[in-house]
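The chains referred to below are lettered A, B, ... by the order of the sequence lines, with proteins before strands, and numbering in each begins at 1. Computed over heavy atoms, backbone and side chain alike; hydrogens, waters and symmetry mates excluded.
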Protein chains: 2
Amino acid sequence: MIKLGIIGIGNMGTIHSQLIIDGKTPEIELTAVADRDESRRAWVKENLPGVKVFTEGEELINSGICDSVLVAVPHYQHPELTIKAFNKGLHVLCEKPSGVYTKHVREMNEAAEKSGLSFGMVFQMRANSVFKKIKEIISSEKLGAVKRVSWLITDWYRSQYYYNSGNWRASWNGEGGGVLLNQAPHNLDLLQWICGMPARVHAFCHEGKWHDIEVEDDVTAYFEYPNGATGVFITTTADSPGDNRFSITLEKGTLVCEKGNLTLHKLAMNEREFCVTSMDSWAHPECETITVETDGKDPQHAAVLNAFAANILHGTPLIAKGEEGINSLTLSNAMYLSSWLNKTIEIPFDEDLFLEELNKRREKSRKK
Amino acid sequence: MIKLGIIGIGNMGTIHSQLIIDGKTPEIELTAVADRDESRRAWVKENLPGVKVFTEGEELINSGICDSVLVAVPHYQHPELTIKAFNKGLHVLCEKPSGVYTKHVREMNEAAEKSGLSFGMVFQMRANSVFKKIKEIISSEKLGAVKRVSWLITDWYRSQYYYNSGNWRASWNGEGGGVLLNQAPHNLDLLQWICGMPARVHAFCHEGKWHDIEVEDDVTAYFEYPNGATGVFITTTADSPGDNRFSITLEKGTLVCEKGNLTLHKLAMNEREFCVTSMDSWAHPECETITVETDGKDPQHAAVLNAFAANILHGTPLIAKGEEGINSLTLSNAMYLSSWLNKTIEIPFDEDLFLEELNKRREKSRKK
């Protein structure tokens, strides 16, 4: 059993705590919770009997009653609390996003490496059977190289009421971003997990386009990958019902993931070879369309928690390594920078320049 | 009956001539054909008995045996032959694209206006029942304003053999462009016909990416419309089997056209109103999904030919007015300019600058 402390018992922290007290995580004992909000501490006292309650995450880290922590506080604090926990010898599971700016997350990753402790990131969509299957197919290289990626992920609908529910929400100084930092990190993580990191990004982020907020709620981004493949990623919190269509074109086939269904259009021959050997102007390689079967499982957060405990106790793999959290943040930081400067951003980008541009926006933020 | 002359009896001219001799166009008599290629003239003599044959389009125009012409020659010559026909008092039906650069097409449109004669463009996809239905739904404004457009149209597959089949193909000096000028003009025309013209374009055109050609065979373009809507248009001749998914998100619903099927996700309430009145953070407006029925017809080129004859004889509407051909060309010209200069292009753009940039490429073209 690991002795876990949860820092931040808001929306996400509460979901994790329920899984633990509901017996979904047999190798985790919830020993402590910390939250700066008095009403949330009162909720813990009433609903999580026997769990020690702190105001500050740092008190929990120093308490000696946890060997591991789950960091589920506002995004800016993810790296600083994670670093403090590593410095005290605690294993860390961190909620997404890894932080707000990659420079900060880089320090966190260095602390993780130095510590040698377990470090996981809560990317529960990696445990979904469909995304696991896509990852497996692409990684096997049976379909050859990726040529094109397109993810239209516009079903993250939020009303103005949602944005009004907390003054830290959707502000540069509170959350540090909009749909790219709050809703889309899962999709950006899956994108980089499955297709790797692009070499450059050009993005069009529209701030306060559909809601009365200061950050972006509508994004179209274009990528170029090191092998020459291209991609688009389109997201918003204003489309209803919204789309979720992820397609990946490879040399020997195309994968389309839509509404939880995975379809493979499988070519009999590598298109790159067909292109130069065909003696017909308009012919296509032979193609077979297959519905790809998966085990249908989507164990969500419980899988992430259990894999984290097992990693500590038995050395088995995490669902997502903490160090990999920087990748989706690199994508969203690059998108912001591209949109702010109206130019294509090469990856890696100038992290000091990004922070400078972010800080300009934090200074004028509604959230003080 | 109109007396039609076909200038250029290559791929497209031949298709049109077959429809006429097969009796699909009761109000059209094919009186003459012109082609610079001796083997094509021989084909006409053998296959189109009674049709007078010329080498030059200008001879056909001046012959006095036609009251109308179909211009189906290489793209650069569309405006010049059309202008000559108008100057001789002939009605003109012009194959797509309207030309290679908008400055030239603008002169053609001025000649058309001055002539007062019938002027049609061969955009036969406007006669397709699904696209007609989309146009009808959007124009009715029953679904409110457009918010987002996405057209992934990557099923224009062509082998290297296709490009090798003529040295004018896929060259700056021969065709004047690649997939945007040869395959995608239909889609670009439908896009502007249905959604109107964008205010600005940012595009990423990749030249010779998948084929040994000097022009683009892979394009991702981003649009911003005057009302704030955004769009993407992705096309290539290298994906197999390729995608064809056109989705339009409006305030009161989303239309998705895929594989010839049209689906409407219809909201019970305007999303813009729901967004600001909902007292729930995560709720969506109620939505009903409907398969939109059409008459299933796709009369293609015959519809364009018959409407052209009827426009001359009875004053009934064309499928596509010739003057509207400049719109899709404006889109593709703006995409090229954006990609060449690596910047966002406002519409209208500097047409002299475009021509200057095009001419730089023509000078170095493989086709002399």
Subject >> Under 4.5 Å from any heavy atom of chain A - which part of B:Ala283 >> reply: backbone
Original post:
Side chains of B:Glu216 and B:Tyr336: donor-acceptor distance under 3.5 Å anywhere?
Top reply: yes
Original post:
Does the side chain of B:Asn244 come under 3.5 Å of the side chain of B:Trp151 through a donor N or O and an acceptor N or O?
Top reply: yes
Original post:
By a 4.5 Å heavy-atom criterion (distance strictly below it), what part of A:Ser247 contacts chain B: side chain, backbone, both, or neither?
Top reply: side chain
Original post:
Contact part of B:Glu224 toward chain A, heavy-atom cut-off under 4.5 Å: side chain, backbone, both or neither?
Top reply: side chain
**OP:** Counting only heavy atoms closer than 4.5 Å, note whether B:Ser278 contacts chain A via side chain, backbone, both or neither.
**Re:** both
Original post:
Is there side-chain contact between B:Val149 and B:Phe223, with at least one heavy-atom pair below 4.5 Å?
Top reply: no
**OP:** Indicate whether the side chain of B:Arg158 and that of B:Tyr163 have a donor and an acceptor atom separated by less than 3.5 Å.
**Re:** no
Original post:
Is atom OH of A:Tyr161 surrounded by more than 12 heavy atoms (other residues, nucleotides or ligands) closer than 6.0 Å?
Top reply: no
**OP:** Could you list which of residues 199-207 of chain B have a heavy atom closer than 4.5 Å to any heavy atom of chain A, in residue-number order?
**Re:** B:His202, B:Phe204, B:His206
**OP:** With a 4.5 Å cut-off on heavy-atom pairs, point out which of A:Ser159, A:Cys287, A:Ser281, A:Gly228 contacts chain B the most.
**Re:** A:Ser281
Original post:
Cut-off 3.5 Å, side chains only: do B:Glu288 and B:His265 have a donor facing an acceptor?
Top reply: no
Subject >> chain B contact via A:Thr237 - which portion, at a heavy-atom distance below 4.5 Å >> reply: neither
Subject >> Residue, of A:Thr249, A:Val276, A:Asn342, A:Asp212, that accumulates the most heavy atom pairs under 4.5 Å with chain B >> reply: A:Thr249
Original post:
Side chain, backbone, both or neither: which part of B:Asn164 has a non-hydrogen atom closer than 4.5 Å to chain A?
Top reply: neither
Original post:
In terms of heavy-atom pairs under 4.5 Å with chain B, which of A:Gln160, A:Lys209, A:Met279, A:His211 leads?
Top reply: A:Met279
Original post:
With only heavy atoms counted, which part of B:Asp243 is less than 4.5 Å from chain A, the side chain, the backbone, both or neither?
Top reply: side chain
Original post:
Is A:Glu251 salt-bridged to A:Arg272, going by a charged N under 4.0 Å from an acidic O?
Top reply: no
Original post:
Taking B:Thr344, B:Ile234, B:Thr277 one by one, which has the highest count of heavy-atom pairs under 4.5 Å against chain A?
Top reply: B:Ile234
Original post:
Is the shortest distance from a Lys or Arg side-chain nitrogen in A:Glu175 or A:Lys367 to a carboxylate oxygen in the other one below 4.0 Å?
Top reply: no
Original post:
What closest approach, in Å, do A:Cys257 and A:Ile134 show between heavy atoms, and which atom pair accounts for it?
Top reply: CB-CD1, 3.9 Å
Original post:
Which residues pass the side-chain hydrogen bond (donor to acceptor under 3.5 Å, both in side chains) test with A:Trp156, sequence neighbours left out?
Top reply: A:Asn187
Original post:
Would you say the side chains of A:Arg148 and A:Thr254 form a donor-acceptor pair under 3.5 Å?
Top reply: no
**OP:** Give a yes or no on whether B:Glu141 atom CD has more than 12 heavy-atom contacts from other residues, nucleotides or ligands under 6.0 Å away.
**Re:** no
Original post:
Which bit of A:Ser240 comes within less than 4.5 Å of chain B, counting heavy atoms only: side chain, backbone, both or neither?
Top reply: both
**OP:** Check whether B:Thr154 gets within reach of chain A through its side chain, its backbone, both or neither, counting any heavy atom under 4.5 Å.
**Re:** side chain
**OP:** Please flag which part of B:Leu250 lies under 4.5 Å from any non-hydrogen atom of chain A: side chain, backbone, both or neither.
**Re:** neither
Subject >> Segment of A:Asp218 engaging chain B (4.5 angstrom heavy-atom cut-off) >> reply: side chain
Original post:
Side chain, backbone, both or neither: which part of A:Thr289 has a non-hydrogen atom closer than 4.5 Å to chain B?
Top reply: neither
Subject >> Structural part of A:Tyr157 lying under 4.5 Å from a heavy atom of chain B >> reply: both
Subject >> Distance-only donor-acceptor check, side chains A:Glu271 and A:His284, under 3.5 Å >> reply: no
Subject >> Smallest separation among heavy atoms of A:Leu152 and B:Ser150, with atom names >> reply: CD2-OG, 4.2 Å
